Amino acid sequence: MIGGLQAQELVSSDRFLIKIIDRTISFQDIVYQLRNLKALNCIYDDALVVAYFEKSFISDLDKFVKDFPEKDEDVTKYLHDHTEILKKIRYFFKMLRYSEDQNKKVSKELSKLIHEGTRENNCQKSILHKDSLKTNFKSLIEMEIYIRSRYEGQMKGNKRNFDIIRPSIDLFVDSLDKQFPHEYYW
């Protein structure tokens, strides 16, 4: 008994992994964005976010999440052993944060197209919320819209060679990394 109340069983827990500016990213945030990246990759096989981080990022993130230790004492070592994926996670969430500030809103028409794409391609429906999209998936779509609006015009011709715009996005991400302070919770 605690203060006359019976202690409740812990239903869920989360762990904070990184702070970017004034926002803390938790393990659960990473799990949600992994789900969102898988869905984005399923719905749009030419998603620029997926092209930039590469499809291997999805499988690497999946492994990072699946192998994440349950015991607190094992987490610090695990994080130190996975600095490369943590760096990509940091870049991803900094881009997400920046694109949210750019007010590239997801239109009702786009939301409807995503609903249809999800159904047609047999993608996970967990990104959908009634006749809209889940908020954290909307954030990912806003990032996709931002990257397309900023860089897609640089890809010339019908070939749509992503490597043409990769150096520009690298410079953008590098400047974001310097501009947005971050802190790891080892």
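Fair warning: this is a prediction, and the values are worked out from it, not measured in the lab. Hydrogens, waters and symmetry mates are skipped; everything else that's a heavy atom, side chains included, is used.
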Exercise. Salt bridge (charged side-chain N to carboxylate O under 4.0 Å, His left out) with Arg119: which residues, sequence neighbours excluded?
Worked result: none
Exercise. Using the ring of each side chain (for Trp, its six-membered ring), is Phe172 parallel, tilted or perpendicular to Tyr98, with breaks at 30° and 60°?
Worked result: perpendicular
Exercise. Side chains of Ile21 and Arg97: closer than 4.5 Å at any heavy-atom pair?
Worked result: yes
Problem set entry | Partners meeting side-chain hydrogen bond (donor to acceptor under 3.5 Å, both in side chains) with Asp101 (sequence neighbours left out) | none
Problem set entry | Qualifying salt bridge (charged side-chain N to carboxylate O under 4.0 Å, His left out) pairs, either residue in residues 175-186, two or more places apart | Arg90-Asp177, Lys94-Asp177, Asp174-Lys178
For this session: With the side chain counted from C-beta on, respond yes when Tyr151 and Ile164 share a heavy-atom pair under 4.5 Å apart, and no when they do not.
Result: no
Problem set entry | Residue pairs, two or more places apart or on separate chains, that pass ring pair (Phe, Tyr, Trp, His ring centres under 6.0 Å) and touch residues 109-137 | none
Exercise. Please, which pairs that meet side-chain hydrogen bond (donor to acceptor under 3.5 Å, both in side chains) have at least one residue in residues 134-145, sequence neighbours excluded?
Worked result: Arg35-Asn136, Asn36-Asn136, Glu100-Ser139, Ser132-Lys138, Glu144-Arg148
Exercise. Any ion pair linking Arg23 and Asp29 (charged N to carboxylate O, less than 4.0 Å)?
Worked result: no
Problem set entry | For Cys123 against Gly117, the heavy-atom pair lying closest together | SG-O, 4.2 Å
Problem set entry | Where at least one partner belongs to residues 20-39, residue pairs that pass ring pair (Phe, Tyr, Trp, His ring centres under 6.0 Å), sequence neighbours excluded | Phe27-Phe68
Seminar exercise, completed: Apart from Phe16 itself, members of its ILVMFWY cluster (side-chain separation under 4.5 Å) are Tyr185
For this session: Tell me whether the centres of the aromatic rings in Tyr184 and His182 are closer together than 6.0 Å.
Result: yes
For this session: Indicate yes or no: does Glu54 engage Arg166 in a salt bridge with an N to O separation below 4.0 Å.
Result: yes
For this session: Would you please name every residue forming a side-chain contact (heavy atoms from CB on, under 4.5 Å) with Ile58, sequence neighbours left out?
Result: Leu34, Leu37, Lys38, Asn41, Val50
For this session: Mind jotting down which residue pairs meet the side-chain hydrogen bond (donor to acceptor under 3.5 Å, both in side chains) criterion with at least one end in residues 73-84? Sequence neighbours excluded, please.
Result: Lys77-Asp81
For this session: Name all residues meeting the side-chain contact (heavy atoms from CB on, under 4.5 Å) criterion together with Lys104; count only those two or more places apart in sequence or in a different chain, and write none if there are none.
Result: Gln102, Ile145, Tyr146, Ser149
Exercise. Would you call Lys88 and Asp60 a salt bridge, using N to O less than 4.0 angstrom?
Worked result: no
Problem set entry | Set of residues satisfying salt bridge (charged side-chain N to carboxylate O under 4.0 Å, His left out) with respect to Lys66, sequence neighbours excluded | Asp62
Problem set entry | Where Tyr52 and Asp170 come nearest, the two heavy atoms and their spacing | OH-OD1, 2.7 Å
For this session: Could you pull out all residues at least two apart from Lys63 that satisfy salt bridge (charged side-chain N to carboxylate O under 4.0 Å, His left out)?
Result: Asp67
